[in-house]
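When a ligand or atom number is given, it counts from 1 through the structure's own listing order.
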Amino acid sequence: MSSYKIDTKCVQSGYTPKNGEARVLPIYQSTTYKYDSAEHLGDLFDLKAPGHMYSRISNPTLEAVENKIADMEGGVGAMLVSSGQAASLIAILNITRAGQNIVAMSSIYGGTVNLFAVTLEKMGIETRFVTPEMTDAEVEAVFDENTRLFFGETLANPALVVFDFERYAAIAHKMGVPLVVDNTFATPVLCRPFEFGADIVTHSTTKYMDGHATVVGGCIVDSGKFDWNAGGKYPELTTPDESYHGVIYTQQFGAAAYITKARTQLLRDMGSTMSPMTAFILNLGLESLSCRMDRHCSNALAVAEFLSGHDKVEWVDYPALPGNAQYELCKKYLPRGACGVISVGIKGGRAAATKFLNNLKLLNIVVHVADARSCALHPASTTHRQLTDDQLVACGVRPEQVRLSIGIEDVEDIIADLEQALNA
Ligand SMILES: *Cc1c(COP(=O)(O)O)cnc(C)c1O
């Protein structure tokens with residue numbers, strides 16, 4: 001890990017050209033790599049020497065971006081994958097098999113809930129959801145000897161629930177399992193979960209990390225801190241892997257056991273690989289990430305303040321807004337800001353919210369968040385349109401609720417657009 005500050009790591013980490021080499025990270029558009037001897041390649045296959053064999057498993061362009069993200073998060077290693085969904089899936093399958101279970105916060109991203117409650121369930125892995133209202137004892141009672149990990153999300157999409165890292169890290173570790181955290185909305189610029197006890201971090205790089213709505217991608221980062229040997233619960237890491245000539249990951253790779261196995265076994269077998277071109281574009285996004293996050297945060301806070309004083313607005317939910325129920329947690333874990341996503345309730349219910357959206361000019365209606373361009377979505381008339389008002393409330397979406405993703409434009413233009421749409 002480099003000793004530079006996070007803003008410097010965004011720009012410089014991961015790729016250091018040698019004398020005469022390209023200053024900018026090259027795109028290694030090659031599936032394959034050339035070796036001088038069969039013996040050397042044999043050593044690569046046995047994981048005895050570092051290097052690239054085939055781009056399904058690793059590639060120099062991806063490796064540079066992986067090293068940058070690992071450095072930004074403060075981890076020992078990272079692995080890029082084809083999407084955020086693939087990152088969540090592989091992070092779990094790496095240490096959980098049929099017949100076992102995981103514990104997850106109920107407020108996590110809806111796509112992750114589907115993956116856990118429907119698809120993992122079909123694969124024989126059960127998910128036990130816990131809520132922030134439950135006491136420590138109630139949460140602990142959900143674990144059993146077959147529980148393999150605890151899964152949370154730093155700043156939940158779209159509920160904006162701030163994860164109480166220290167509380168849940170203590171519970172996970174008491175129960176002998178690692179804490180896995182989806183850090184997509186915060187990015188390592190706003191929060192580095194390893195500093196608060198998380199063991200594994202996942203990302204949808206599709207959101208702020210790319211930041212321009214251009215490439216779908218995901219990443220898993222390993223803190224290297226979890227002791228896989230301690231409870232005897234993770235034989236896939238601590239006993240011989242027959243699919244790799246009997247390698248024992250914890251013996252051969254030490255702190256990087258988890259992330260090495262994720263690559264050499266699961267990326268090899270499942271093939272959810274990111275392309276070199278995508279990694280290159282992602283890296284351009286990462287170079288400006290710290291500037292963009294500061295702007296997203298300051299713009300969103302100004303918008304939240306404007307909205308909370310407006311007479312056409314029923315309520316505003318933004319964790320960094322003083323008076324918000326999560327303000328203290330937000331200050332503790334996200335002192336630099338709470339990203340660009342705001343939920344707002346428009347007076348007049350579903351019809352008023354739809355009208356407000358239709359009158360926006362600068363803000364576009366899209367099914368995306370975390371873009372440089374400001375955008376808006378009305379869940380009740382789009383993603384959740386089949387549901388009645390009562391059903392909406394039951395799943396945590398209110399009829400009058402609009403989700404805003406505040407971009408990096410001039411905040412006066414954003415506020416002017418919101419104001420004309422509210423008054424129209
Ligand atoms: C979007 C998102 C995902 C899924 O990522 P994709 O790149 O769309 O597969 C996972 N977690 C969070 C928090 C997200 O916002």
Side-chain angles (χ1 to χ4, degrees), residues 62 65-66 69 73 78-93 102 104-120 127 129 149-163 165 179-191 193 198 200-221 267 270-275 278-279 281-282 285-286 289 292-293 296 300 319 333-334 338-343 366-372 375 377 379 382-383 396-397 403-407:
L62 273 75
V65 181
E66 287 164 344
I69 296 174
E73 287 285 10
M79 182 174 88
L80 288 168
V81 289
S82 53
S83 69
Q85 291 297 96
S88 304
L89 176 64
I90 291 178
I92 286 160
L93 292 185
I102 65 171
M105 291 303 292
S106 58
S107 54
I108 55 176
Y109 171 65
T112 316
V113 172
N114 274 334
L115 168 65
F116 289 3
V118 180
T119 301
L120 282 185
T127 303
F129 289 99
L149 61 90
F150 188 111
F151 193 97
E153 191 172 318
T154 305
L155 191 52
N157 172 13
L160 300 177
V161 177
V162 179
F163 186 67
F165 285 96
L179 175 61
V180 182
V181 175
D182 181 336
N183 197 33
T184 297
F185 264 22
T187 82
V189 170
L190 301 184
C191 178
I200 306 293
V201 156
T202 62
H203 283 283
S204 166
T205 62
T206 318
K207 309 294 163 54
Y208 288 112
M209 281 187 163
D210 164 30
H212 302 78
T214 55
V215 285
V216 174
C219 191
I220 304 173
V221 194
L267 196 58
M270 295 165 56
S272 19
T273 306
M274 179 181 279
S275 79
T278 296
I281 294 171
L282 169 59
L286 291 172
L289 182 66
R292 287 187 289 106
M293 291 316 288
H296 282 293
Y333 296 119
L334 298 151
C339 89
V341 181
I342 301 173
S343 268
V366 299
V367 185
H368 188 55
V369 288
D371 187 354
C375 52
L377 182 74
T382 55
T383 50
V397 175
R403 189 178 69 183
L404 301 174
S405 172
I406 302 302

Practice problem: Using a strict cut-off of 4.0 Å, indicate which atoms of ligand 1 neighbour a heavy atom of Thr206. | Solution: 6 (P), 7 (O)
Self-check item: ligand 1 N/O within reach of Gln85 N/O, cut-off under 3.5 Å
Solution: yes
Quiz item: Using 30° and 60° as the class limits, which term best fits the ring planes of Phe163 and Phe150: parallel, tilted or perpendicular?
Solution: tilted
Practice problem: State, with a plain yes or no, whether a side-chain heavy atom of Glu73 is found less than 4.5 Å away from one of Pro193. | Solution: yes
Quiz prompt | For Asn157, atoms of ligand 1 separated by under 4.0 Å from a heavy atom | solution = 14 (C), 15 (O)
Quiz item: Is any side-chain heavy atom of Val221 less than 4.5 Å from a side-chain heavy atom of Ile69?
Solution: yes
Self-check item: Protein heavy atom at shortest distance from atom 10 (C) of ligand 1
Solution: Tyr109 CD2, 3.4 Å
Quiz prompt | OH-OG distance between Tyr109 and Ser88, expressed to the nearest 0.5 angstrom | solution = 9.0 Å
Practice problem: Name the closest protein heavy atom to atom 8 (O) of ligand 1, giving the residue it belongs to and the distance to 0.1 Å. | Solution: Ser204 OG, 4.2 Å
Quiz item: Which atoms from ligand 1 have a heavy atom of Gly217 less than 4.0 Å away?
Solution: 7 (O)
Self-check item: Ser83 neighbourhood, listing ligand 1 atoms whose heavy-atom distance to it stays under 4.0 Å
Solution: 7 (O), 9 (O)
Practice problem: Check each atom of ligand 1 against the heavy atoms of Lys207 and keep those under 4.0 Å away; list them by number with element. | Solution: 1 (C), 2 (C), 3 (C), 14 (C), 15 (O)
Exercise. For the pair Glu153 (side chain) and Asn157 (backbone), establish whether a donor and an acceptor sit closer than 3.5 Å, ignoring hydrogens and angles.
Key: yes
Self-check item: Val215 and Thr206, any side-chain heavy atoms less than 4.5 Å apart
Solution: no
Quiz prompt | side chain to side chain contact (heavy atoms under 4.5 Å, CB included) assessment of Asn183 paired with Thr202 | solution = CA-CA 6 Å; Asn183 197 33; Thr202 62; over 6 Å; no
Self-check item: Nearest protein heavy atom with distance in Å, relative to atom 11 (N) of ligand 1
Solution: Asp182 OD2, 2.7 Å
Quiz item: Can Thr205 and Asp210 be said to form a side chain to side chain donor-acceptor pair (under 3.5 Å), step by step?
Solution: CA-CA 6 Å; Thr205 62; Asp210 164 30; over 6 Å; no
Quiz item: Taking distance alone, with no angle check, do Ser88 and ligand 1 share an N/O pair under 3.5 Å?
Solution: no
Self-check item: Nearest-neighbour protein heavy atom for atom 6 (P) of ligand 1, which is reported as residue plus atom name and distance
Solution: Gly84 N, 3.4 Å
Quiz item: Looking only at N/O atoms, are Glu153 and ligand 1 under 3.5 Å apart anywhere?
Solution: no
